[in-house]
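Hydrogens, waters and symmetry mates are skipped; everything else that's a heavy atom, side chains included, is used. Sequence lines set the chain letters: A, B, ... in the order given, protein chains first and strands last, and positions in each chain run from 1.
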2 protein chains.
Amino acid sequence: MLDELRPAQALKLWQTTSLIQVKDNAPDLTLRQMTILLSIYLEPPPHTVRGLAAKLNVTKPVITRALDTMGRLKLVDRKRDESDRRNVIIQRTVEGALYLEKMADIIVEQAKAVTK
Amino acid sequence: MLDELRPAQALKLWQTTSLIQVKDNAPDLTLRQMTILLSIYLEPPPHTVRGLAAKLNVTKPVITRALDTMGRLKLVDRKRDESDRRNVIIQRTVEGALYLEKMADIIVEQAKAVTK
DNA sequence: TTAAGTTAGAACGGAAGCGAAATGATAATT
DNA sequence: AATTATCATTTCGCTTCCGTTCTAACTTAA
């Protein structure tokens, strides 16, 4: 059971999952970038630069730059909020959803392997 | 139950664990760096640049640079292999062990929360 | 309508990452 | 002894990231 996961198993889960992604040539995201990406896909919209910066306790340029990079990778998209044009609304993409779906499958698979 | 870990829970586990680390100001390691670190601590020694490069399917300079950075952070250490001075033996540190212990605790805690 | 506030992004100098290719040290082979 | 192979690192030109500070665009309030 996952609620009985032990520390050594937890690390093994992280290791094998990460290793599979690296060998797959998945984008080499930083911890911050990954956290931003997961927040965008798991938390209810709308997502703004300011909101993410507050949530992660980082400065706004950190979010802006991460969105630049992940935008180039097509993992996220941006558009102006037309109701308040100071805001930018951060949007999910098909590529980003697929990327996280694949990652989730790897985690599930490795969780099974680790607790077996 | 473990085979009831669903993809959405897996991503939530990753997100909350990552978010806690970011808010804790944990080092902003890349996926590759994290994979290297976990491999060093979970796989039996000795660890070499060449071996890690092969394991992760990356070039040797990638390993060298990651060790430079994680060495500065005191997460790993290096020493020459005296039996074959071409090799470098990569070693664990107290700080690195503590860092991963803390990370493991967070994962365990979040795994409980996610499956509750 | 002018002033104050808010939001995202740009500019800065510096640190660290990349792949590809070259280097220096050491070991093994002939 | 000379050559070849191996190992980790350095170098190159370039990209991305950092924190800090500043700016442009926009909204709200006086």
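- Distance, A/Ile63 CD1 to D/dC17 P: 12 Å, rounded to whole Å.
- Within the 4.5 Å cutoff, side-chain heavy atoms of B/Leu29 are placed close to those of B/Leu73.
- Rounding to the nearest 0.5 Å gives a distance of 8.0 Å between CG of A/Leu56 and NZ of B/Lys23.
- OP1 or OP2 of D/dC17 sits under 4.0 Å from a side-chain N or O of A/Gln33.
- Relative to the side chain of A/Pro61, the nucleotides D/dT21, C/dT7, D/dA8 differ in distance, and D/dT21 lies closest.
- Interface remark: the B/Arg86 side chain does not form any donor-acceptor pair with the C/dG24 base, using a distance-only criterion of under 3.5 Å.
- Summarising the geometry, the separation between CZ on B/Arg65 and P on C/dA21 is reported as 14 Å, rounded to the nearest angstrom.
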In sequence, state the C-alpha distance, the side-chain angles, and the governing distance for A/Trp14 and B/Thr17, and then conclude on side-chain contact (heavy atoms from CB on, under 4.5 Å).
CA-CA 11 Å; A/Trp14 232 258; B/Thr17 297; 3.7 Å; yes

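- Put simply, CD on B/Glu82 is 10 Å from P on C/dT26, counting in whole angstrom units.
- If you measure from atom CG of A/Asn87 to atom P of C/dG9, you get 10 Å, rounded to the nearest angstrom.
- Set against D/dT9, C/dG19, C/dA16, the side chain of B/Arg72 has C/dA16 as its closest nucleotide.
- A/Thr30 comes within 4.0 angstrom of nothing in the nucleic acid, heavy atoms only.
- An OP1 or OP2 oxygen of D/dG19 is reached within less than 4.0 angstrom by a side-chain nitrogen or oxygen of A/Arg32.
- Residue A/Thr69 has no polar side-chain atom (N or O) positioned under 4.0 Å from OP1 or OP2 of D/dT16.
- Rounded to an integer number of Å, the gap from CG of B/Leu67 to P of D/dA8 is 10 Å.
- Using a 4.5 Å heavy-atom threshold, the side chains of A/Met103 and A/Met34 count as touching.
- Between the CG atom of A/Asp28 and the P atom of C/dA16 there is a distance of 16 Å, rounded to whole Å.
- The nucleotide whose nearest atom lies closest to any side-chain atom of A/Val88 is, among D/dG19, C/dG9, C/dC18, C/dG9.
- For the residue pair B/Ser39/A/Gln15, the side-chain donor-acceptor check at 3.5 Å is satisfied.
- Regarding contacts with the backbone of C/dA8, every side-chain N or O of A/Arg78 stays at 4.0 angstrom or more from both OP1 and OP2.
- Rounded to a whole Å, the CG atom of A/Asp81 is 11 Å from the C1' atom of C/dT7.
- Between B/Thr64 and D/dT9 there is a side-chain N or O to OP1 or OP2 distance below 4.0 Å.
- Between A/Asp84 and A/Asp68, the residue anchored nearer the 5' end of DNA chain D, judged by the nucleotide with its closest heavy atom, is A/Asp68.
- Whole-Å rounding puts the B/Arg85 CZ to C/dA27 P distance at 7 Å.
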